[in-house]
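The figures that follow rest on heavy atoms only: side chains count, while hydrogens, waters and symmetry mates do not. Fair warning: this is a prediction, and the values are worked out from it, not measured in the lab.
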Amino acid sequence: MSDLMPLEEALRIVLESVKPLDAEKVFIYDALGRFLAEDVPSDTDKPLFDNSAMDGFAVRFEDIKGASEESPVPLRLVGEQSAGGEIAPKVEKGTAVKIFTGAPIPEGADTVVPVEFTEVKEDTVYIKKEFKEGANIRKRGEDVRKGDIVLRKGQEVRGYEVGMLAFVNRAVVKVYRRPKVGILSTGDELLELGETQERPSQIRSSNHHMLYALVKEAGGDPHQLGIAPDDPEELLNVLRTCHNYDIFITTGGVSMGEKDYVQYLVKEVGVEVRFHKLRIKPAKPVLFGTYGENKLFFGLPGNPVSCAVAFDLLVYPAIRVMLGAKEVFKRKVSATLVKDFSRRDAKRREFARAKVWFEKGKFWCEPHPKQQSHMLTSLIEANAYMIVPEGVKELKEGDEVEVVMF
Ligand code: AMP
Ligand code: MG
């Protein structure tokens, strides 16, 4: 087991080998889920002008002092100010302007009385409550000043940030490029979607489609290369294309079998292998190498669950770094085990598929009954990996465990 690398060391090697990609300018919708490569300043003061926070009447504070239900103050209505409408006349002593939310405060007025505290009779409005000077007015620049940074470099663009970009009149923004990821399944036994089974030994390939989706979910730009047979020449031809991608992922053919060629062939296409086997379960046979400038090669195991685990633990953070994310790992929480868990071999750190939920103020964890690496159902019926540390054979109901959410 001494040749198996601990996960921490493998992660350190991966993270040392990767940095954010170059930036590109994209339409703000395409920035969603990506990370800003520039600071974004506000184009104007926000709000741009003093405006009303309520539907009501713009008045002079001096005029409405002492107004109450019993002794309402009458003010002559001299106009109306809507949001986006023509500018209303000045509010002189003893007058008011009807006003709507978001409308600019007319000259002369300094306070807005909400419509609920007024009554209109012909061209007079009766104010039935006193308000503080400046009440119900949103002041120019009280949110941000022109030139203030509203979004910072490195920030994730969510829906709110898209809103802010539009608010400061930005249609285009600089974000880090998505990594271009080439994806290849390898194996003589693999059938493509819809392909007819010709020999009983053939199986349906799921991995390259799963990986396509996982890469996309992670924020990468997946490129589907399909299936290559266990044939060195054909494999080599596809592997040579790795230079067109920032990340190249293969699945299968990276273990101890005679037909597991990937580990040898990658060297011929310029990949420097950095590690091959990890002290984790599942996904022991994971090959990682670097090539070119900031380019990564991952040879993932063929078993679908191992392939997914290796992706989540190693490829996902690499994609996130390239995207410019600060937080590159999936969320880890502590949960209480609701069921005993045991295993025979405790040499490797295990990532057991589990169901985790939040109830009564904490997280609970139930390991899935199927833990073999070819059983894809264990991923479908789970939402987390329960971490079983090296050396631990048994966990008891009530124990606290660390889980990685997916
Ligand atoms: P290998 O690492 O190539 O020996 O593959 C390990 C196991 O995973 C074998 O049972 C393969 O048939 C299976 N396998 C390999 N590639 C895929 C794939 N793309 N989709 C589903 N199963 C696969
Ligand atoms: Mg194979």
Side-chain angles (χ1 to χ4, degrees), residues 5 10 13-14 16-19 21 177-193 195 202-216 218 220-278 283-304 306-319 321-322:
M5 184 183 279
I13 292 171
V14 171
E16 270 176 18
S17 313
V18 59
K19 53 181 199 288
L21 297 174
R177 188 164 63 74
R178 294 184 191 280
K180 240 177 117 176
V181 184
I183 297 159
L184 179 72
S185 270
T186 71
D188 286 336
E189 76 279 31
L190 302 178
L191 281 173
E192 188 46 279
L193 272 172
E195 215 181 325
Q202 292 175 311
I203 66 155
R204 194 69 59 191
S205 172
S206 54
N207 290 355
H208 59 294
H209 299 297
M210 173 177 72
L211 286 168
Y212 183 97
L214 291 175
V215 166
K216 196 157 182 138
D221 170 22
H223 291 248
Q224 187 54 265
L225 305 175
I227 300 169
D230 292 317
D231 173 84
E233 228 168 286
E234 285 200 43
L235 258 176
L236 199 56
N237 275 336
V238 193
L239 291 179
R240 274 192 228 284
T241 69
C242 70
H243 297 279
N244 300 335
Y245 306 97
D246 300 296
I247 297 178
F248 200 87
I249 309 178
T250 61
T251 124
V254 77
S255 196
M256 302 299 286
E258 250 163 56
K259 293 201 163 198
D260 293 341
Y261 296 121
V262 173
Q263 56 206 289
Y264 310 108
L265 297 178
V266 286
K267 293 173 185 162
E268 291 191 33
V269 302
V271 173
E272 187 194 336
V273 176
R274 307 293 297 279
F275 59 77
H276 187 182
K277 294 197 176 78
L278 301 183
K284 178 171 71 170
V286 179
L287 182 141
F288 171 72
T290 51
Y291 60 100
E293 174 66 22
N294 198 24
K295 287 174 186 274
L296 313 177
F297 186 97
F298 291 93
L300 306 187
N303 276 309
S306 310
C307 178
V309 171
F311 179 91
D312 285 342
L313 296 181
L314 296 157
V315 188
Y316 178 88
I319 291 176
V321 170
M322 284 187 171

*Asks:* Is the backbone of K19 close enough, under 3.5 Å, to the side chain of N294 for a donor and an acceptor to pair up by distance?
*Replies:*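 Pair found, side chain donor or acceptor close to backbone of K19.
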*Asks:* Are the side chain of N303 and the backbone of S306 linked by a donor-acceptor contact shorter than 3.5 Å?
*Replies:*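 Side chain of N303 to backbone of S306, a donor-acceptor pair under 3.5 Å: no, none is there.
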*Asks:* As an exercise, state the distance from CG of L236 to CD of E268, rounded to the nearest 0.5 Å.
*Replies:*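 With rounding to 0.5 Å, CG (L236) is 5.0 Å from CD (E268).
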*Asks:* Can you find a pair of side-chain heavy atoms, one from L314 and one from L278, that are under 4.5 Å apart?
*Replies:*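 Heavy-atom side-chain distance check passes, below 4.5 Å.
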*Asks:* For the residue pair I13 and T290, establish whether any side-chain heavy-atom pair is separated by less than 4.5 Å.
*Replies:*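 With C-beta onward as the side chain, the pair stays apart.
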*Asks:* Where is the tightest heavy-atom contact between Y245 and K295, given as atom of each residue plus distance?
*Replies:*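 Distance-wise, the nearest heavy atoms are O-NZ, 3.0 Å.
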*Asks:* Do you know which two heavy atoms are closest between S185 and N207, and how far apart they sit?
*Replies:*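 Between these two residues, the closest heavy atoms are OG-CB, 3.9 Å.
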*Asks:* For the atom pair CG (L287) and NZ (K277), what is the distance rounded to the nearest 0.5 Å?
*Replies:*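 It comes to 9.0 Å.
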*Asks:* Is the shortest heavy-atom distance from the side chain of M210 to the side chain of T251 under 4.5 Å?
*Replies:*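 Side chain of M210 against side chain of T251, heavy atoms only: no contact under 4.5 Å found.
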*Asks:* Measure the spacing between CG of D230 and CD of E189 and express it to the nearest 0.5 Å.
*Replies:*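 So the CG of D230 and the CD of E189 are separated by 6.5 Å.
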*Asks:* Using every non-hydrogen atom in the two residues, find where E258 and Y261 come nearest and quote the distance to one decimal.
*Replies:*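 Looks like O-CE2, 3.7 Å.
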*Asks:* For P229, is there any backbone N or O sitting under 3.5 Å from a side-chain donor or acceptor partner on D188?
*Replies:*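 Not confirmed, D188 side chain does not pair with P229 backbone.
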*Asks:* With side chains defined as the heavy atoms from C-beta onward, is the minimum distance between Y316 and L214 less than 4.5 Å?
*Replies:*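 The answer is no; the side chains never approach within 4.5 Å.
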*Asks:* Measuring from atom SG of C242 to atom CZ of F297, what distance do you get when rounded to the nearest 0.5 angstrom?
*Replies:*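 One finds 7.0 Å between SG of C242 and CZ of F297.
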*Asks:* Describe, in one word, how the ring planes of F288 and F298 are oriented to each other, choosing from parallel (under 30°), tilted (30 to 60°) and perpendicular (over 60°).
*Replies:*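 Correct class here is tilted.
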*Asks:* State, with a plain yes or no, whether a side-chain heavy atom of L235 is found less than 4.5 Å away from one of Y264.
*Replies:*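 A side-chain contact under 4.5 Å is absent here.
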*Asks:* With a 4.5 Å heavy-atom cut-off, do P222 and L211 have their side chains touching?
*Replies:*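 No - every pair of side-chain heavy atoms lies 4.5 Å or more apart.
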*Asks:* Give me the atom names and distance for the closest heavy-atom approach of H208 to I227.
*Replies:*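 The answer is CE1-CG1, 3.5 Å.
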*Asks:* How close do F248 and L225 get, counting heavy atoms only, and between which atoms?
*Replies:*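 Minimum heavy-atom contact is CE1-CD1, 3.4 Å.
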*Asks:* Say you draw a straight line from CG of L265 to OG1 of T186; how long is it, rounded to the nearest 0.5 Å?
*Replies:*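 So the gap between those two atoms works out to 10.0 Å.
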*Asks:* Test V286 against every option in V315, L313, V309, L300 by the side chain to side chain contact (heavy atoms under 4.5 Å, CB included) rule and name the one that passes.
*Replies:*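 Going through V315, L313, V309, L300 one by one, the side chain to side chain contact (heavy atoms under 4.5 Å, CB included) with V286 is satisfied by L300 alone.
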*Asks:* Looking at S205, is its backbone amide N or carbonyl O close enough to the side chain of E192 to form a donor-acceptor pair, meaning the two atoms are under 3.5 Å apart?
*Replies:*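 Between the backbone of S205 and the side chain of E192 there is no qualifying donor-acceptor contact (under 3.5 Å).
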*Asks:* Taking atom CZ of R274 and atom CE of M5, what is their separation to the nearest 0.5 Å?
*Replies:*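 These two atoms lie 9.0 Å from each other.
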*Asks:* Heavy-atom count check: over 12 atoms from other residues, nucleotides or ligands less than 6.0 Å from E233 CD?
*Replies:*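 12 or below, so no.
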*Asks:* Taking the side chain as C-beta and beyond, is there a heavy-atom pair between I249 and F311 under 4.5 Å?
*Replies:*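 Answer yes - side chains close enough.
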*Asks:* Taking the side chain as every heavy atom from C-beta outward, state whether M322 and V18 have any pair of such atoms under 4.5 Å apart.
*Replies:*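 Yes; the side chains approach each other to less than 4.5 Å.
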*Asks:* Looking only at heavy atoms, which two atoms of Q263 and S255 are closest? And how far apart?
*Replies:*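 Smallest interatomic distance, heavy atoms only, reads NE2-O, 2.8 Å.
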